[in-house]
Amino acid sequence: MQPVQSHPWTLSAEEAIALQRKLATLVSTEDDLPDPVQTVAGIDLAYNDKQAFAAVVLLEASTCKVQQVVSAEIPVQFPYVPGLLSFREVPAIMRALEKQSVRPDLIVCDGQGIAHPRRFGIACHVGVLYDLPTIGCAKSRLIGKADDPAPTKGSYSELVYKREVVGAVLRTRDNVNPLYISPGHRISVRTALHWILKLTTRYRLPEPTRLADQLVGQIKRKTIGSLFADLNEA
DNA sequence: GCGACAG
DNA sequence: ATCTTGTCGC
């Protein structure tokens, strides 16, 4: 699949911030998903000294069964800067997605959606580029305040930033650290929570992101840069 | 001015 | 993100 739009990627931090403000205008938090959501994709990345690896896992929404896996490798060109994560990860994600034949009905990203200083986390970036519904599912907080949700699975509390509800802190399993859920594009906070819970089985992370995380790790190990270590074991 | 700060 | 085995607790 190809993106609906693109923009330069060789930017300074200042230019990236200006671009985020501009693209944030296109984000929608109104539910606009296919009638039956049939396929869901999970995306995650792994890093090497010089390379970034991205993996996209396509799942059947009703069963969480893997239907397709694509990945890509690309040299890291943008440093990690809180608030500018997408400029470091999206290039690799796009290379992987161009290898994927199916346009998923929903995408779960590892990181924030609108729970971001300029309401444009990585989930929003991916959503706007492909004009697809996306959810930001982060393991920790970037911005906002929230009460600690009850310790039981399904409990959650609103994540508020600048007096506005930008997401929720969700307990996906009993007595485990909660996840930070926020809309990426074409989805509301409530619907995003609904889907994350629906896609969560026996682990803290929902299946799309959990499997993508697990797979990029394997893919990274099978690289020539990591083969030397493997030769010693063999 | 001093912290906090997705992956 | 990444370096990494065993171990404590629900």
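Every chain is numbered from 1 and lettered A, B, ... according to where its sequence line falls, protein lines coming before strand lines.
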Reading DNA chain C from 5' onward, which residue's closest nucleotide shows up sooner: A:Asn175 or A:Glu89? A:Glu89
Touch class at under 4.0 angstrom, heavy-atom based, for [X] against every strand present:
{"X": "A:Ile43", "answer": "nothing"}
{"X": "A:Ile122", "answer": "base"}
{"X": "A:Gly136", "answer": "nothing"}
{"X": "A:Ala52", "answer": "nothing"}
{"X": "A:Lys220", "answer": "sugar-phosphate"}

Between [N] ([atom2]) and [X] ([atom1]): distance, integer Å:
{"X": "A:Tyr47", "N": "B:dA6", "atom1": "OH", "atom2": "C1'", "value": "11 Å"}
{"X": "A:Asn177", "N": "B:dA6", "atom1": "CG", "atom2": "P", "value": "15 Å"}
{"X": "A:His116", "N": "B:dA6", "atom1": "NE2", "atom2": "P", "value": "11 Å"}
{"X": "A:Arg221", "N": "C:dC3", "atom1": "CZ", "atom2": "P", "value": "9 Å"}
{"X": "A:Asp49", "N": "C:dC3", "atom1": "CG", "atom2": "P", "value": "9 Å"}
{"X": "A:Phe87", "N": "B:dA6", "atom1": "CZ", "atom2": "P", "value": "17 Å"}
{"X": "A:Leu142", "N": "B:dG3", "atom1": "CG", "atom2": "C1'", "value": "14 Å"}
{"X": "A:Ile181", "N": "B:dA6", "atom1": "CD1", "atom2": "P", "value": "16 Å"}

Are OP1 or OP2 of B:dA6 and a side-chain N or O of A:Lys139 less than 4.0 angstrom apart? no
Verify the contact: side-chain N or O of A:Arg141 to OP1 or OP2 of B:dC5, cut-off strictly under 4.0 Å; return yes or no. yes
Among A:Asp110, A:Asp213, A:Thr209, A:Asn177, exactly one meets side chain to side chain contact (heavy atoms under 4.5 Å, CB included) together with A:Lys139. Which residue is that? A:Asp110
Qualifying ring-ring contact (aromatic ring centres under 6.0 Å, His included) pairs with a residue from residues 166-225 of chain A, counting only residues at least two apart or across chains: none
Distance-only, no hydrogens or angles: does the A:Asp31 side chain make a donor-acceptor pair with backbone N or O of A:Ser188 under 3.5 Å? yes
Once you measure the plane-to-plane angle for A:His125 and A:Phe87, does it fall in the parallel (<30°), tilted (30-60°) or perpendicular (>60°) bin? perpendicular
Counting Watson-Crick and G-U wobble pairs with both distances under 3.5 Å, what is the dot-bracket string for DNA chain B, 5' to 3', using [ ] for crossing pairs and | for pairs to another strand? .......
Here the gap from A:Leu179 atom CG to A:Leu193 atom CG, rounded to the nearest 0.5 Å, amounts to 10.5 Å
Please indicate whether A:Tyr156 has more than 12 foreign heavy atoms, meaning atoms of other residues, nucleotides or ligands, lying under 6.0 Å from its OH. no
If you measure from the ring centre of A:Tyr80 to the centre of the six-membered ring in the base of C:dA1, is it under 5.5 Å, with the planes under 30° apart? no
Report the residue from A:Lys65, A:Gln67, A:Glu60 that forms a side-chain hydrogen bond (donor to acceptor under 3.5 Å, both in side chains) with A:Thr63. A:Glu60
